[in-house]
Amino acid sequence: MTSYEPQTIEQQCQDRWRQNNTFAVPNPGDPGFDATRPKFYVLDMFPYPSGVGLHVGHPLGYIATDIVARYKRMTGYNVLHPMGFDAFGLPAEQYAVEHGVHPRETTEKNIANMVRQLKRLGLSYDWDRRIATTDVAYYKWTQWIFLQLYNSYFNEGEQRAEPISELVKRLESGELDVAYDGRIVDVGASGAMDALGGPPIGARKWHELKPDEQDAVLAEYRLAYLAEVPVNWCPALGTVLANEEVTNEGRSERGNHPVFKRPLKQWMLRITSYAERLAGDLDLVDWPEAIRKMQRDWIGRSEGALVDFEVANADAERSEASGPIRVFTTRPDTLFGATYMVLAPEHPMVDELTTEAQRAAVAEYRKQAESKTDIDRQAETKTKTGVPTGAFAINPVNGQQIPIWIADYVLMGYGTGAIMAVPGHDERDHAFAKAFDLPIVQVIKGGDKPIEDEAYTGPGVNINSSNDDVILDGLPTPDAKRKITQWLNAKGLGKAQVQYKLRDWLFSRQRYWGEPFPILHGPDGEIRAVDEAELPVELPPMDDFSPTSSDDPNAPPAPPLSRAPGSWKNVVIDGVTYTRELNTMPQWAGSCWYYLRFADPRNQHRFAGGEAESYWMEPTGVDLYVGGAEHAVLHLLYARFWHKVLFDLGHVTTPEPFGRLFNQGYIQAYAYQDARGIYVDALKIEEKDGQFFYEGQPVTRNLGKMGKSLKNAVSPDDMCEQYGADTLRLYEMYMGPLDQSKPWNTRDIVGVHRFLQRVWRNFFDDEGKLLITDDAPDDATARLLHKTIKRVTDDMERMSFNTAIAALIELNNALVSLKQLPRAVAEPFVLMLAPLAPHVCEHLWQQLGHEGSVAFVDWPNYDESMLVEDSIQMVVQVLGKVRGRITVPADADNDAIEAAALGDDKVAANLEGKTVRKVIVVPGKLVNIVAN
RNA sequence: GCGGGCGUGGCGGAAUUGGUAGACGCGCCGGAUUUAGGUUCCGGUGGGGUAAAACCCGUGGAGGUUCGAGUCCUCUCGCCCGCACCA
């Protein structure tokens, strides 16, 4: 080879890696396992195998983790670096519906293509560990984890999950009883569990309950449960969606179809039980602060109090039925300022509260509120609407009768769905009070404007806040909160409460291409979990996979599995015929635990062997997890939740799954629109004098995400073809910091390609003869080498690959002038470049006379003494402006440096006519002379 | 509206802790090699100014702290991301 031919080298190299299985990493106990090395688990967020394949934006993170993996191998780690596919999901199903091809076929074809593309980039995955969430051997364990959730409950006292059998034991022993409303109560601490509710009335022993009653009680505690809840129903997709899958505009994130609220019986996961720990344990992980904050906000913890308001009996017969109205407030200290109450339109007490006179108005308002989409509600954020129910409540602190309204600015889904309105100290209540002319009372001192003009929402000192029993006047806000909460508690009127925005996770989807639930429904509605030994529950073969989509928001959901053959749908156990659950799990399910399966992907007896799991995961979980920020709350929160359940049940050894998270930026690309605003193929754009043309017509340019829709995708296959994978890898890393978004520019790629060509020419002459000498390098070259080793090592450690490459380019440029390349420089150079451009380095390493792969050779060290210069150049400033440069011995003392600085001709000229006031010497850097 | 991030040459970016702003690359300009194009090699390249220097200006804008500010503080403008009636 007389010139650099990346295609030849890369093909040979990848063949050899495959034949030698170079990057397969053994588990503890496997042959070849080296227990003396520390471990490093570096993971990419695994992709959905889409039919269109990769564009150059996708592998940005994969290249980065590959460099880390290779660097870590060279610095002595056992590296787990796997790849898999999140392969359930809608596109394959939709393709199947349209083309009549089974989704498994499409999925496997797409995976094969993506694996090919990834291999071509020279990514050093242990392909033996490849998994897909759609593998039956994989989703068997997804179903198994679901059973763990189903068979567990959250022990509030211990703040951890336990097998539900433990709860049953305690019920059977009589330690716990069942209250009239199905709550489980502690007999010993009777009444203390809920100060508001008082002592449980009509509590029963466990054995007094009939089996179906027992099941119903347990269902209220299981971490996976069926519930009739208002869900996001998307008729166009024919499925329900999680809150997280619905946009602010009230449409589906996938496909942008309208979504309606509708009560349906669905599987839910009790993620809210873990709210406290999911929020608190964010302190344990090394994640970008922005992501941790997003999760905290999503969980939305807030401290406050529950307060009960009695209903005044304006209407005698109604008040009999009405219990108190319970509200949640974060400002119990403003209770004296509550001048009205508001219930959400959907609040269950609205009907019983509404007076005859208001019945029609209330009904009309509720109808409107119901038909409003979230968009409408949002558009009207500024203007408040509502109607009075006609009923009144009694403010418990001052006995005042206050009107009860319904308004859609109060949401049923948060807190109790009812609020006490304090217009003096809450902006929303203030706006509402102004709109409907309700009284505004100031109870906290503060604010720049009169309370009638603007609510004062900050802290302050209470006024107008005393009764015969409790005095808040003069107390600062935190004290007032504490005092009133104690008082409410003592009176049985309220109690301190922590509230979360987080809702339970809606876990059913009406789709075919997802994990079937390991659940059976009995003839009397009883639920029966499939026995662990019977797993997996495989998807039945079917010809028609379509969900029943509709334009009608009231169309009933009909999951595709309802058309499955009876032989699959019906299961007979002990003479009883059960029907399988016909919903499937959402796409998030499979990605909740794949990082665990990678530790031991072929294990048939456990989701992952205990030893393998603890070896790769301890002590802080995945050591480096790289992916896009778009998964900040969904995937990362769900996975943490599952992980914590598995941790509580003793199946995994770490409290958190991902110790360190890194979000890579996006690769943006220029997109071009013609005069009609239609996007045109970015590859066919011509540039003339700063103007852009498509087929001769001028077009406008702007920056967007790379992809099909903007017609600006660049294929990694094309880049590999033209420049080789090493060049593509270098370019993607050289573009800028990994965590920043930056624009792709195919024009710029030649820079790093030239670099590799120049590397080649430094190693070989025109005839392809190696230009290596065993002579020692000259002093300057040796010093530069060691400086470069330090720079590159530091940059590798902090994943600053763009500057690492710059350092290597500088070193390489310096080597161009040498006639022969000293081996002592060539070898460390190849080693440093190897993680970044592995193919060409494997080749050069061989040419240097080495047998094995460069991948496991020790990373070069630098000699500290080679970094110290004998003499250094220092800058001399006069009044902060650079006026001269001096060269002084590295060990010169400050006096000597000062003397040299003052002696410099140019400096002296600048100081002429001035008096030196002060001289600041920064050793090794500069001298600043203050003079006037 | 609230919260977070970012603004540096024609372009991507560098400056890890307050200490020579613009490393490295693209592009551009000039030269060499080449039949030509491409490749390759050498030199130049923030703006103004000069024959060349000197010198002046310069990190979105305006102030401030400091011997010294891209970096710290205050205000302000622009862009990006997240949340959005969460009581």
Side-chain angles (χ1 to χ4, degrees), chain A residues 3 248 288-291 293-294 297-298 300-302 304 327-331 334 342 374 377-378 380-382 384 407-411 413-422 425-429 431-432 457 499-502 629-630 632-633 663 665-666 668 690 703 730-731 734-737 739-755 757-758 761 766 791 794-795 797-798 800 802-810 813 816-817 873-882 884-885 906 909-910 917-931:
Chain A
S3 65
N248 284 333
E289 190 47 45
I291 301 292
K293 197 180 170 317
M294 275 189 237
D297 289 351
W298 190 264
R301 184 184 197 276
S302 58
V327 303
F328 173 71
T329 176
T330 55
R331 293 298 300 272
T334 63
V342 184
D374 288 355
R377 277 203 179 192
Q378 203 181 322
E380 292 161 16
T381 299
K382 296 264 146 49
K384 295 275 183 289
D408 63 6
Y409 85 92
V410 173
L411 310 172
Y414 182 74
T416 62
I419 62 155
M420 63 177 212
V422 185
H425 306 285
D426 182 281
E427 280 167 23
R428 297 151 301 182
D429 296 344
F432 192 82
T457 59
Q499 199 66 239
Y500 301 94
K501 278 201 289 194
L502 186 70
E630 68 272 19
V633 283
N663 292 121
Y666 294 106
Q668 300 164 303
L703 211 51
L730 280 177
Y731 175 61
Y734 192 60
M735 288 170 73
D739 56 355
Q740 270 175 36
S741 293
K742 54 244 154 182
W744 177 270
N745 227 329
T746 303
R747 186 183 76 180
D748 292 355
I749 204 169
V750 296
V752 285
H753 191 60
R754 284 175 194 158
F755 163 58
Q757 287 174 323
R758 201 169 309 157
R761 281 199 311 278
D766 292 344
R791 276 175 73 185
D794 291 350
D795 288 346
E797 288 292 337
R798 60 194 179 100
S800 179
N802 54 331
T803 52
I805 295 167
L808 289 169
I809 292 175
E810 284 184 63
N813 287 349
V816 167
S817 58
Q873 201 185 58
M874 287 177 72
V875 160
V876 184
Q877 297 180 332
V878 177
L879 289 169
K881 288 195 160 80
V882 179
R885 291 184 165 77
K906 285 175 77 179
N910 256 285
R917 301 284 173 196
K918 200 171 166 187
V919 179
I920 292 136
V921 178
V922 184
K925 301 268 185 189
L926 53 71
V927 180
N928 193 8
I929 298 163
V930 187

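Residue numbers begin at 1 in each chain, while the letters A, B, ... track the order of the sequences.
Using a 4.5 Å cut-off on side-chain heavy atoms (C-beta onward), A:R885 and A:V875 make contact. Between A:T330 and A:Q499, every side-chain heavy-atom pair lies at or beyond the 4.5 Å cut-off.
Separating the OH atom of A:Y409 from the C1' atom of B:rA84 is a distance of 17 Å, rounded to the nearest angstrom. For A:L703 and B:rG12, the CG to C1' distance is 11 Å, given to the nearest whole Å. Distance, A:D739 CG to B:rG12 C1': 15 Å, rounded to whole Å. If you measure from atom CD of A:Q668 to atom P of B:rC79, you get 15 Å, rounded to the nearest angstrom. One interatomic measurement links the two molecules: CZ of A:R331 to C1' of B:rA87, which rounds to 11 Å at whole-angstrom precision. One atom, CG of A:D748, and another, P of B:rC24, lie 16 Å apart when rounded to the nearest Å. Atom pair A:M735:CE and B:rC24:C1' shows a separation of 15 Å (rounding to whole Å applied).
For A:R301, the salt bridge (charged side-chain N to carboxylate O under 4.0 Å, His left out) test picks out A:E276, A:E303, with sequence neighbours left out. Judged as a salt bridge (charged side-chain N to carboxylate O under 4.0 Å, His left out), and not counting sequence neighbours, A:K906 has no contacts. A:F432 meets the ring-ring contact (aromatic ring centres under 6.0 Å, His included) test with A:Y340, A:W405, A:Y409, A:F436; sequence neighbours excluded. The ring-ring contact (aromatic ring centres under 6.0 Å, His included) search around A:F755 returns none, not counting sequence neighbours. Listed by chain and residue number, A:T788, A:R791, A:V792 satisfy the side chain to side chain contact (heavy atoms under 4.5 Å, CB included) test with A:A807 (two or more places apart in sequence, or in another chain).
At the phosphate of B:rA14, OP1 or OP2 sits under 4.0 Å from a side-chain N or O atom of A:N802. Using a 4.0 Å cut-off, no side-chain N or O of A:Y734 falls inside it from OP1 or OP2 of B:rG25.
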Are any protein N/O atoms closer than 3.5 Å to N/O atoms in nucleotides 31-35 of chain B? If there are, list each pair with its distance.
none

Show each protein N/O and nucleotides 46-55 of chain B N/O combination with a separation under 3.5 Å, one pair to a line.
unit_1	atom_1	unit_2	atom_2	d
B:rC55	OP1	A:R883	NH1	3.3

For nucleotides 38-40 of chain B, give me every protein contact, N/O to N/O, under 3.5 Å, one pair per line with atom names.
unit_1	atom_1	unit_2	atom_2	d
B:rU40	OP1	A:Q757	OE1	3.3
B:rU40	O3'	A:R761	NH2	2.6

Please tabulate the protein-to-nucleotide N/O contacts below 3.5 Å involving nucleotides 66-70 of chain B, giving atom names and distances.
unit_1	atom_1	unit_2	atom_2	d
B:rC67	O2'	A:N928	ND2	3.3
B:rC67	O2	A:N928	ND2	2.6

Where does RNA chain B pair, written as one dot-bracket string 5' to 3', with Watson-Crick or G-U pairs under 3.5 Å, ( ) inside the strand, [ ] for crossing pairs and | for another strand? (((((((..(((......[....)))((((((.......))))))(((......)))..(((((..]....))))))))))))....

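Within the 4.0 angstrom heavy-atom criterion, base atoms lie near A:K501. Backbone-only contact: A:S302 has heavy atoms under 4.0 Å from sugar-phosphate atoms and none from a base.
When the nucleotides B:rG13, B:rC57, B:rC26 are ranked by their closest atom to the side chain of A:K742, B:rG13 comes out on top. For A:R798, whose side chain is taken as the heavy atoms from C-beta onward, the closest listed nucleotide among B:rU16, B:rC24, B:rC57 is B:rU16.
The two residues A:G736 and A:K742 have their closest heavy-atom pair at O-NZ, 3.7 Å. Of all non-hydrogen atoms in A:I291 and A:A629, the two that sit nearest each other are CD1-CB, 4.2 Å.
With A:V342 as the partner, the side-chain contact (heavy atoms from CB on, under 4.5 Å) test is satisfied by one option alone out of A:D408, A:V327, A:D429, A:I419: A:I419.
The structure places CD of A:Q668 at 12.0 Å from CG of A:N745, a figure rounded to the nearest 0.5 Å. Rounded to the nearest 0.5 Å, atoms OH (A:Y666) and CD (A:Q740) are 14.5 Å apart. The OG1 atom of A:T746 sits 7.0 Å away from the OH atom of A:Y731 when rounded to the nearest 0.5 Å. Remark: A:I805 CD1 to A:D795 CG distance equals 10.0 Å, nearest 0.5 Å. Note: A:N802 CG to A:L730 CG = 12.0 Å, rounded to the nearest 0.5 Å. One distance of note links CE of A:M735 with CG of A:D748; it measures 8.0 Å at 0.5 Å rounding.
Applying the 90° cutoff around 0 to the glycosidic angle, B:rG9 is assigned syn.
Using a 4.0 Å cut-off between charged side-chain N and carboxylate O, A:R798 and A:D794 make no salt bridge.
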Report, one line per pair, each donor and acceptor closer than 3.5 Å where one atom sits in a side chain of residues 919-928 of chain A; sequence neighbours left out.
unit_1	atom_1	unit_2	atom_2	d
A:N928	OD1	A:G880	N	3.1

Within the 4.0 Å limit for protein heavy atoms, which parts of nucleotides 2-8 of chain B are touched? Write it as a string from 5' to 3', B for base, S for sugar-phosphate only, - for none. -S-----

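Environment of CD in A:E797: crowded, with over 12 heavy atoms of neighbouring residues, nucleotides or ligands closer than 6.0 Å.
Across B:rG25 and B:rG9, the matching C1' atoms stand 14 Å from one another, rounded to whole Å.
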